[in-house]
Amino acid sequence: MGERMLRIGVVSCCWKLENGQPYHLVSEEYIQAVQSLGALPLLIPALGPDLPVGQVLDSVDGLLLTGSLSNIEPRHYLGQPHPHAFTDPARDATALPLIRAAVAAGVPLFGICRGFQEMNVAFGGSLCQAIHQTPGRLDHREIPGDMDSMYQLAHEIRFAPGGLLQRWYGKDRERVNSLHHQGIEKLAPALAAEAYAPDGLVEAIRVKDAASFALGVQWHPEWRLQEQRLSQTLFSAFREASQIRRQTRARL
Ligand code: MN
């Protein structure tokens with residue numbers, strides 16, 4: 001009997017589309033990124049408190065938190081609500097407890113963009129809602145135009161000396177895309193910075209005491225991930241951790 005496919009849980013967003021009905025959805029870029037690992041993406045509905053967290057974590061080998069156009073409701077980090085912000089309370093209510101439970105259970109966790117910000121908020125950090133309006137910060141928003149413009153490499157990051165990313169990647173710096181107007185303000189005490197933008201903004205994090213891979217990045221490594229070695233490094237490490245998780249579970 002062959003080994004069963006690696007299962008990666010992907011947390012869904014919950015958006016009201018034009019007909020006013022809520023839909024649970026995941027952008028195809030993330031689904032394809034998981035498929036490129038030879039893994040099966042299992043979409044997790046944004047059920048909030050109704051999600052059986054333990055059972056969900058029991059059925060996946062790893063957990064991917066996607067980027068999204070929506071913002072985390074500022075009340076989760078005691079921030080001021082923004083009047084025009086596009087929020088997704090169902091995703092907040094699903095992702096934040098799931099992140100804490102995944103880390104506690106040793107389930108590999110990879111957060112991208114909104115997912116990276118969720119990791120910080122889940123562990124008690126806060127967000128800046130408009131980096132481009134903050135003195136001394138760069139404008140981290142996407143370059144307007146088509147997808148190639150939006151996802152072009154936009155700024156350098158330097159890896160934290162002695163961090164996981166520096167070790168895995170074997171370089172001190174790299175260029176990444178940047179499609180965010182929010183970012184980490186106060187880093188949660190449970191997290192360590194793994195990379196910084198030139199303006200000092202934290203661009204990658206890890207959970208310090210996590211038993212497994214628990215990493216987040218502010219940029220989008222899922223975008224054409226075959227074209228950048230750094231993206232491949234990240235997803236390969238996530239796959240390896242998920243494979244180890246699958247083996248460990250098989251022995252239980
Ligand atoms: Mn950036």
Side-chain angles (χ1 to χ4, degrees), residues 13 27 29-30 33 64-72 74 77 79 82 85-88 95 99 109-123 125-161 163-166 168-169 171-188 191-207 214-225 227-235 237-238:
C13 293
S27 167
E29 288 296 321
Y30 300 97
L64 180 68
L65 301 156
T66 69
S68 177
L69 296 173
S70 70
N71 299 311
I72 300 168
Y77 49 90
H82 191 284
F86 169 30
T87 59
D88 187 342
I99 287 167
L109 176 70
F110 188 17
I112 293 175
C113 197
R114 189 196 217 267
F116 157 92
Q117 295 170 359
E118 285 167 345
M119 288 172 69
N120 186 48
V121 171
F123 288 105
S126 69
L127 301 180
C128 166
Q129 296 183 54
I131 307 161
H132 52 284
Q133 292 170 357
T134 307
R137 295 291 196 208
L138 295 170
D139 189 343
H140 286 257
R141 294 174 296 180
E142 63 273 23
I143 292 117
D146 59 12
M147 297 290 267
D148 287 319
S149 302
M150 284 165 56
Y151 282 88
Q152 67 182 276
L153 301 179
H155 64 71
E156 193 169 72
I157 50 165
R158 65 186 164 78
F159 300 119
L164 284 180
L165 285 187
Q166 188 202 44
W168 290 342
Y169 193 51
K171 273 178 72 175
D172 292 335
R173 51 193 68 212
E174 189 47 275
R175 288 181 66 77
V176 295
N177 55 36
S178 193
L179 297 86
H180 57 112
H181 60 99
Q182 300 204 335
I184 287 183
E185 189 164 84
K186 179 177 145 282
L187 185 66
L191 305 179
E194 281 278 335
Y196 299 91
D199 58 6
L201 194 73
V202 175
E203 287 266 343
I205 51 172
R206 77 179 150 85
V207 181
L215 204 103
V217 298
Q218 180 64 82
W219 69 94
H220 286 273
E222 81 287 355
W223 174 254
R224 297 189 177 161
L225 84 95
E227 290 178 16
Q228 209 193 20
R229 190 171 67 86
L230 177 59
S231 307
Q232 293 167 27
T233 300
L234 287 163
F235 274 98
F238 178 52

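Note that ligands are numbered from 1 as they come in the structure, with each ligand's atoms numbered from 1 the same way.
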note = So CG of Asn120 and NZ of Lys186: to nearest 0.5 Å the spacing works out to 7.5 Å
task = Specify whether an N/O/S atom of Asn177 falls short of 2.8 Å from the Mn ion (ligand 1).
result = no
Sub-4.5 Å side-chain heavy-atom contact between Arg114 and Ser70 = yes
message = Just to verify, what does Tyr196 make a ring pair (Phe, Tyr, Trp, His ring centres under 6.0 Å) with, not counting sequence neighbours?
response = none
message = Before moving on, can you tell me the angle at the Mn ion (ligand 1) between the ND1 atom of His140 and the NE2 atom of His155, to the nearest 10 degrees?
response = 90°
inquiry  = In terms of relative ring orientation, are His180 and His140 parallel, tilted or perpendicular, with 30° and 60° separating the classes?
reply    = tilted
Shortest-distance N/O/S atom, Glu203 versus the Mn ion (ligand 1) = OE2
